[in-house]
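Below is one structure, written out as structure tokens; comments come after it.
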Number of protein chains: 2
Amino acid sequence: MNPLSPNSSDAAGTDASPSFRPLYQQIKALITQSLQSGEWKPGEMMPSEVELAGRFKVSQGTVRKAIDELAAENLVVRRQGKGTFVATHAEERAHFRFLRLMPDEGVPHHPDNRFIAVLRIRATAEVARLLELKSGDAVVYIKRVQSFDGVPTILEELWLPGQLFKGLTAERLVEYRGPMYGLFESEFGTRMIRATEKIRAVAADPVAAEHLKVAEGTPLLCADRVSFSYGDKPVELRRGIYSTARHHYQNELS
Amino acid sequence: MNPLSPNSSDAAGTDASPSFRPLYQQIKALITQSLQSGEWKPGEMMPSEVELAGRFKVSQGTVRKAIDELAAENLVVRRQGKGTFVATHAEERAHFRFLRLMPDEGVPHHPDNRFIAVLRIRATAEVARLLELKSGDAVVYIKRVQSFDGVPTILEELWLPGQLFKGLTAERLVEYRGPMYGLFESEFGTRMIRATEKIRAVAADPVAAEHLKVAEGTPLLCADRVSFSYGDKPVELRRGIYSTARHHYQNELS
DNA sequence: AAGTGGTCTAGACCACTTT
DNA sequence: AAGTGGTCTAGACCACTTC
């Protein structure tokens, strides 16, 4: 008998298996808990499959199936011969997982950041609703422009729960190299694992026109993103205004 | 010894396993071939796992792993207790796999179609390049408007290889109920399995403005899609012009 | 009862990386 | 040589559907 909640043939009682839950999914949940609690930090190696199998008193195959799903969800990364590692945003290849704006020609490269505002404000009703806060709760507001080859291309606004990002200042943002999600994960213990985006076409308002150096009324992409951490907890709101003169939003349908 | 190409310890020769290919991937390739050749038609049930295991002289677990990947790629659908079925576009739930335009409020429902043009023309250099044809090859050109609740929302142009869609006429398109991909698959034996989209913001030109009943210059989404069939063969070009007044392009980042 | 996919095990062995 | 993930097997049993 394994130590986890049995699915049938239990001690007694008419177990008509009202809610069957495979062992490997229970293992997966336990591993996810350890990831969330920070038992293994981003970038670190996790215990080997045989070690986890021993800890949970299940076969290696069952642990494998659990980790397979975690790898499919990009929570962990497997490297043959080396081990299984906690996924991290502080990596070159992770940068373009959430940045879907690609140059029409040439290879993608990293944008230059210019921060316009880093403020602590109070959540509007709309922001509070999407971040699952209360109206008036503290939020960090960030506004920045990203340029490729000196051409301003992205005007971005972010709203973050103030509670989670207490020490976040303009200085920290400016001095940090790499994607913001890397900073969030390493400095504030908040890891983005999933996001949804709603995309619309909008006309450049005076502010956007100024920052992106385009004429007022120019058609621009507007991407409203909600990012989630473990347990589908919303931890970021982001509105990106993209100039698609020399770039496009790339998507794979499958 | 299994009958498929051995990976090592072969009859003779210094096999330093220069190109290792797992058994289950070879099985997967064989099953894909059968799917492509039409041995089992879309919507039909395929042979059971044990039967396939017998046919290929491998264990059921190996067949399972092959089918697992095919299911992940949406080429087949597993139904516990029933069997494994060839995926088909002629299903309610499949409709919204490629249609990412969602209403800002309310539940998504099917659009009304109005066909503006169904022509056989010659491929321009650009169309030929993307469809991997030669300039001047025959292509089917389709132009249509899709409306939700009577509101014209999508202006779409399609280019299809003439060779693959010989009997395609306006009548066939009009009388067919359901998504176009269903027609392509059932009547022309061409099944879309994957697509890429590049999205930009554009200003409504006179033609788009007229069809979508918006003012000239209105910002609209422009989605350029290339669809692929088995073997990454391009089989459709589609340019969609979306009005995002009451809809948005929905995307999941993970 | 029979057939299907789904889970779980124990063990063997392979490929890859590091020591 | 030792440790890691990756493959493959054979068999038992479970959950679900159909007959």
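In what follows, chains are A, B, ... by sequence order, proteins preceding strands, each numbered from 1. All values below come from the heavy atoms of this structure, side chains included, with hydrogens, waters and symmetry mates left out.
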Looking at [X], I'd like to know whether one of its side-chain N or O atoms comes within less than 4.0 Å of OP1 or OP2 on [N].
{"X": "S59(A)", "N": "dC8(C)", "result": "no"}
{"X": "S48(B)", "N": "dG3(C)", "result": "no"}
{"X": "R64(B)", "N": "dG6(C)", "result": "yes"}
{"X": "T62(A)", "N": "dT9(C)", "result": "yes"}

Between atom [atom1] in [X] and atom [atom2] in [N], what is the gap in whole Å?
{"X": "D68(B)", "N": "dT7(D)", "atom1": "CG", "atom2": "C1'", "result": "14 Å"}
{"X": "I67(A)", "N": "dT7(D)", "atom1": "CD1", "atom2": "C1'", "result": "16 Å"}
{"X": "L23(A)", "N": "dT7(C)", "atom1": "CG", "atom2": "P", "result": "11 Å"}
{"X": "Q60(A)", "N": "dC8(D)", "atom1": "CD", "atom2": "C1'", "result": "13 Å"}
{"X": "L52(A)", "N": "dT9(C)", "atom1": "CG", "atom2": "P", "result": "14 Å"}
{"X": "F56(B)", "N": "dC8(D)", "atom1": "CZ", "atom2": "P", "result": "14 Å"}
{"X": "Q80(B)", "N": "dC13(D)", "atom1": "CD", "atom2": "P", "result": "18 Å"}
{"X": "K57(A)", "N": "dA10(C)", "atom1": "NZ", "atom2": "P", "result": "12 Å"}

request  = Assign R79(A) to base, sugar-phosphate, or nothing according to its heavy-atom contacts below 4.0 angstrom with the strands shown.
outcome  = sugar-phosphate
query = Without hydrogens or angle criteria, can the side chains of Y24(A) and D68(A) be said to hold a donor-acceptor pair below 3.5 Å?
reply = no
ask   = Without hydrogens or angle criteria, can the side chains of E185(A) and T88(A) be said to hold a donor-acceptor pair below 3.5 Å?
value = yes
task = Name the residue closer to the 5' end of DNA chain C, choosing between K82(A) and V63(A) according to the nucleotide with the nearest heavy atom.
result = V63(A)
note = 5'-most contact on DNA chain D (nearest-nucleotide basis), E51(A) vs Q25(B), goes to E51(A)
inquiry  = Please report whether the ring centroid of H247(A) lies less than 6.0 Å from that of F148(A).
reply    = yes
key: Centroid-centroid distance, F96(A) to H110(A), less than 6.0 Å   = yes
note = Applying the 3.5 Å cut-off to both distances, the Watson-Crick or G-U partner of dC14(C) turns out to be dG5(D)
request  = State whether the number of non-hydrogen atoms from other residues, nucleotides or ligands found under 6.0 Å of R239(B) atom CZ is greater than 12.
outcome  = no
message = Given dG5(C), dT7(D), dT4(D), identify the nucleotide with an atom nearest to the side chain of V50(A).
response = dT4(D)
